[in-house]
Amino acid sequence: MFLTLTLLRKGIPGKQWIGKYRRPRQITWQMKRNTLKNLEREAENEYWISRPYMTREQEHSHAAERRAQNWLKIKETSFANFPQHKHITDHLSHLRISKTWSS
């Protein structure tokens, strides 16, 4: 029975590009060329990344001043939007219409 099914079956069951029994995709020369080009590009990137631009001594706190200035700028902008201080006397000033004891 199994031999009969395999001999009589034509094609791939279901969708031909997905699944367990899918049809394998043909590898073209363009695919090989693109893969080779990507691998060469990756090797060149690894080469340049492996060589540091600055030494460890130069790299240590090289941007501390710039970061401090940026932080001060951010802090000033946040304080610029902060409302002025209000005292309790400003809120309750409408209650002091007259300060006389005698009526």
Side-chain angles (χ1 to χ4, degrees):
M1 185 170 155
F2 184 74
L3 179 64
T4 330
L5 283 176
T6 55
L7 290 175
L8 293 177
R9 184 187 320 189
K10 292 182 173 63
I12 296 150
K15 297 201 179 246
Q16 64 177 340
W17 300 113
I18 60 172
K20 186 175 180 182
Y21 300 107
R22 64 179 171 256
R23 190 173 101 184
R25 195 166 164 204
Q26 294 295 321
I27 306 293
T28 62
W29 64 271
Q30 293 98 343
M31 293 169 145
K32 292 179 185 176
R33 181 197 59 203
N34 291 341
T35 304
L36 189 65
K37 197 162 50 170
N38 288 339
L39 288 173
E40 288 172 354
R41 184 185 312 127
E42 191 173 331
E44 186 180 357
N45 288 343
E46 274 185 35
Y47 171 79
W48 287 114
I49 287 174
S50 66
R51 281 146 181 78
Y53 180 72
M54 293 191 290
T55 63
R56 287 196 181 273
E57 292 80 22
Q58 291 173 333
E59 189 177 350
H60 180 67
S61 70
H62 75 282
E65 185 179 339
R66 177 179 52 85
R67 291 182 70 216
Q69 288 175 353
N70 286 347
W71 171 246
L72 288 175
K73 195 185 304 179
I74 290 169
K75 204 159 75 165
E76 288 172 4
T77 56
S78 67
F79 280 134
N81 297 333
F82 199 76
Q84 293 293 325
H85 293 296
K86 293 183 181 176
H87 300 284
I88 194 72
T89 56
D90 299 336
H91 290 285
L92 301 178
S93 62
H94 67 282
L95 297 176
R96 284 191 292 163
I97 296 171
S98 65
K99 285 188 154 187
T100 59
W101 287 93
S102 61
S103 53

- Task: Apply side chain to side chain contact (heavy atoms under 4.5 Å, CB included) to Glu57 and list each qualifying residue two or more places apart in sequence or on a separate chain.
- Result: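 Once residues adjacent in sequence are excluded, the partners of Glu57 under the side chain to side chain contact (heavy atoms under 4.5 Å, CB included) criterion are Thr55.
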
- Who pairs with Leu36 by side chain to side chain contact (heavy atoms under 4.5 Å, CB included), at least two apart in sequence or on another chain?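 Side chain to side chain contact (heavy atoms under 4.5 Å, CB included) list for Leu36, sorted by chain: Glu40.
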
- Message: So, taking the atom named NZ in Lys86 and the one named CD1 in Ile88, what distance separates them when rounded to the nearest 0.5 Å?
- Response: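 Going from the NZ atom of Lys86 to the CD1 atom of Ile88 covers 12.0 Å.
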
Is it the case that atom [atom1] in [X] sees more than 12 heavy atoms from other parts of the structure closer than 6.0 Å?
X	atom1	result
His91	NE2	yes
Trp48	CH2	no
Arg33	CZ	yes

- Heavy-atom pair with the smallest gap, counting every atom of Arg22 and Trp17: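 Smallest interatomic distance, heavy atoms only, reads CD-O, 3.4 Å.
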
When the side chains of residues 62-75 are checked against the rest of the protein, which donor-acceptor pairs come out under 3.5 Å, sequence neighbours left out?
residue: His62; atom: ND1; partner: Glu59; partner atom: O; Å: 3.0

